Amino acid sequence: MKFERKDLPVGTPVVGMIGGGQLARMTQETAIALGIQLRVLAEGPTVSAAQAVADAPVGDYRDPETVRRFAAEADVVTFDHEHVPTDLLHELEAAGIKVRPGPDALVHAQDKAVMRQRLDTIDTPSPAHQVVATQEDVADFAKRIGGFPIILKTTRGGYDGKGVWVAHGPEDPVVAEAFQANVPILAEEKVDFVRELSAVVARSPHGQAVAYPIVESVQRDGICVEVTAPAPGLDPEQAARAQQTALRIAGELGVVGILAVEMFEARDGRLLVNELAMRPHNTGHWTIEGAVTSQFENHLRAVLDLPLGSPAARAPYTVMVNVLGGDSEDTADMHYALLHCMARDPGLKVHFYGKSVKPGRKVGHVTAYGNDLEEVRERARHAAAYLTGTIDE
């Protein structure tokens, strides 16, 4: 169903979100509550957001004419992913369309080499890094930082562990594999870290910004599997430093909307920036139930230049666990498993993304919150494990 402006209540803002994944789907809940008309440029008629958003035309985000038509019908354009070509976004801005975050900011989430170069200019602590073009470059970089192993990353297009390799020497087959990606390759120090942290902040066009509590994230095979808010045992000064770093990056880069700054807590005490995302982020899903204002609401508030909501936590601890597809056909019907999960834990919150179950695919998440960290963590882990069929009681 397509809505014309004449069909909407007077003054209804129209937000166009490019990409029809679960982030757009979860944004719709907030849009409904705030009376915002969310339009989604979807990859197909049955993708996650297209099942929940009435106005979801299907089109290719790389096609200039498709994107121009979509953007022309919105008050502001924002994103479910970072893959829209930078030049196309510049064209939209030149045509007077509000793009938030704008291409000059978003490119730092699209291109890891551009990100590293820019963060260096604002003295942001980061792993040692260098763009490499040959096997010899890889060997020289490793020698400069004290030896292998090192990390190789595609500068564009990687996500959820794709486009990332650990190289143990210049002759390691992954070096040749990385160079076959046909995009520039970034070599980075392999950080000896205690854990991974995430600093999620929101920033509006006029510069108001808020910072959520720093969270601990657990990654497995390059995929975020669990988030704990706040990060247990994190020194308050370290937490404040991480928030300040994220807020400074948002300001320096001119980010509008949500910015997630993924960090390493290194064993030597350093906090090092690993990745940037300029959209609602997996490490912020806990905020739906766990914060006064969710990341999805603050993203919409920010792109429409509305006052931002409180990022404060509602409970001492919140744990979010991703639900990933299992290997067995017996677990394809996860809705059947809700009977057990809901009966066992009436306080549990479950979010499904409308995706068919495939091995390793993010098909939803569960959230639990409360006063006792171990109890909250057990509740969330049990529910996710039961839904994926790895436990049966």
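Everything numeric here is computed off the predicted structure, so don't read it as measured data. Residue numbers count from 1 along this sequence. Hydrogens, waters and symmetry mates are skipped; everything else that's a heavy atom, side chains included, is used.
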| query | How would you list, by chain and number, every residue that makes a side-chain contact (heavy atoms from CB on, under 4.5 Å) with L119, sequence neighbours excluded? | reply | M115, R116, I122, T124, S126, I249, V273
| said: For R39 versus P57, what's the shortest heavy-atom pair and its separation? | reply: NH2-CG, 3.6 Å
| query | Do any N or O atoms from the side chain of R100 and from the backbone of T78 form a donor-acceptor pair under 3.5 angstrom? | reply | no
| request: Kindly say whether D104 contributes a backbone atom to a donor-acceptor pair with the side chain of H108 at under 3.5 angstrom? | output: yes
| message | Can you tell me how far apart CD1 (I18) and CZ (R279) are? Round to the nearest 0.5 Å. | response | 14.0 Å
| query | Checking side-chain contact (heavy atoms from CB on, under 4.5 Å) for the pair F79/M17: CA distance, chi angles, key distance, verdict? | reply | CA-CA 5 Å; F79 309 95; M17 183 169 266; 5.7 Å; no
| Would you find more than 12 non-hydrogen atoms of other residues, nucleotides or ligands less than 6.0 Å from K98 atom NZ? | no
| said: How about NZ on K355, more than 12 heavy atoms from neighbouring residues, nucleotides or ligands closer than 6.0 Å, or not? | reply: yes
| query | How far apart are the C-alpha atoms of Q295 and M26, what are their side-chain angles, what is the distance that settles it, and do they pass the side-chain contact (heavy atoms from CB on, under 4.5 Å) test? | reply | CA-CA 10 Å; Q295 66 164 345; M26 286 183 275; over 6 Å; no
| In the single-linkage hydrophobic clustering (I, L, V, M, F, W, Y; side-chain heavy atoms under 4.5 Å), do Y317 and I214 co-cluster? | no
| query | Looking only at heavy atoms, which two atoms of A231 and L197 are closest? And how far apart? | reply | CB-CD2, 3.8 Å
| query | Is the shortest heavy-atom distance from the side chain of Y369 to the side chain of R314 under 4.5 Å? | reply | no
| message | Can you confirm whether T228 sits close enough to E226 that some side-chain heavy atom of one is under 4.5 Å from a side-chain heavy atom of the other? | response | yes
| Can you get from V200 to L106 by hopping between Ile, Leu, Val, Met, Phe, Trp and Tyr side chains that sit under 4.5 Å apart? | no
| query | Just by distance, do the side chain of E93 and the backbone of G102 share a donor-acceptor pair under 3.5 Å? | reply | no
| field | Side-chain (Y212) to main-chain (S294) donor-acceptor, under 3.5 angstrom | value | yes
| said: For a quick test of reading the model, state the closest non-hydrogen atom pair linking G360 to I223 and the distance between them. | reply: O-CD1, 3.8 Å
| note | The complete set of ring-ring contact (aromatic ring centres under 6.0 Å, His included) pairs with one or both residues in residues 272-301, sequence neighbours excluded, reads H285-F296, H285-H365
| said: Is it the case that the side chain of D60 and the backbone of T66 share a donor-acceptor pair, with hydrogens and angles ignored and the cut-off at 3.5 Å? | reply: no
| message | With heavy-atom distances below 4.5 Å as the criterion, would you say the side chains of R344 and Y386 are in contact? | response | no
| said: Using side-chain contact (heavy atoms from CB on, under 4.5 Å), reason through E252 and V255 one step at a time and then give a plain yes or no. | reply: CA-CA 8 Å; E252 292 282 355; V255 176; over 6 Å; no
| Ion pair present between D63 and R69, side-chain N to carboxylate O less than 4.0 angstrom? | no
| said: Please find the pair of heavy atoms, one from T367 and one from L348, that lie closest to each other, and give the distance. | reply: O-CD1, 3.7 Å
| Linking I/L/V/M/F/W/Y whenever any side-chain heavy atoms sit under 4.5 Å apart, do L373 and V215 land together? | no
| query | Considering only heavy atoms from C-beta outward, does the side chain of I185 approach that of T155 to under 4.5 Å? | reply | no
| field | Point-to-point distance, once rounded to the nearest 0.5 Å, from CD1 of I145 to CD of E188 | value | 9.5 Å
| query | Is there a side-chain hydrogen bond (donor to acceptor under 3.5 Å, both in side chains) between S356 and R361 once you walk through the steps? | reply | CA-CA 9 Å; S356 57; R361 186 186 203 185; 3.1 Å; yes
| task | Heavy atoms only: give me the nearest Y353-Q22 pair and the separation to one decimal. | result | CG-CB, 3.5 Å
| request: Mark yes when over 12 heavy atoms from residues, nucleotides or ligands other than E29 sit less than 6.0 Å from its CD; otherwise mark no. | output: no
| said: For a quick check under 3.5 Å, do R118 and T121 share a side-chain donor-acceptor pair by atom type? | reply: yes
| message | A side-chain contact here means heavy atoms from C-beta on lying under 4.5 Å apart; do Q110 and V107 qualify? | response | yes
| message | Between the side chains of R195 and E216, is the shortest nitrogen-to-carboxylate-oxygen separation below 4.0 Å, so that they form an ion pair? | response | yes
| field | salt bridge (charged side-chain N to carboxylate O under 4.0 Å, His left out) evaluation trace for R5 with D75 | value | CA-CA 11 Å; R5 281 199 183 265; D75 295 310; 2.8 Å; yes
| task | Walk me through it: do M263 and Q238 pass the test side-chain contact (heavy atoms from CB on, under 4.5 Å)? | result | CA-CA 12 Å; M263 301 180 179; Q238 285 275 68; over 6 Å; no
| request: Please determine if E65 and R68 form a salt bridge, counting it only when a charged side-chain N lies under 4.0 Å from a carboxylate O. | output: yes
| Should Q135 and E171 count as side-chain neighbours, where that means a heavy-atom distance under 4.5 Å? | yes
| message | Quick one: does any side-chain atom of Q219 pair with a main-chain N or O of C224 as donor and acceptor, under 3.5 Å? | response | yes
| field | Residue pair L152 / A187: nearest heavy atoms and the distance that separates them | value | CD2-CB, 3.8 Å
| task | Could you check if a side-chain atom of M334 sits within less than 4.5 angstrom of a side-chain atom of L338, using non-hydrogen atoms only? | result | no
| Salt bridge check: are K112 and E262 linked by an N-O gap of less than 4.0 Å? | no
| message | Quick check: do W165 and V175 have side-chain heavy atoms less than 4.5 Å from each other? | response | no
| If you group Ile, Leu, Val, Met, Phe, Trp and Tyr by side-chain heavy-atom gaps below 4.5 Å, do I258 and L300 land in one group? | no
| said: With a 4.5 Å cut-off on side-chain heavy-atom distances among I, L, V, M, F, W and Y, is there a chain of contacts connecting V14 to L304? | reply: no
| message | Please enumerate all residues that pass side-chain contact (heavy atoms from CB on, under 4.5 Å) together with V225, with sequence neighbours excluded. | response | V218, R220, L324
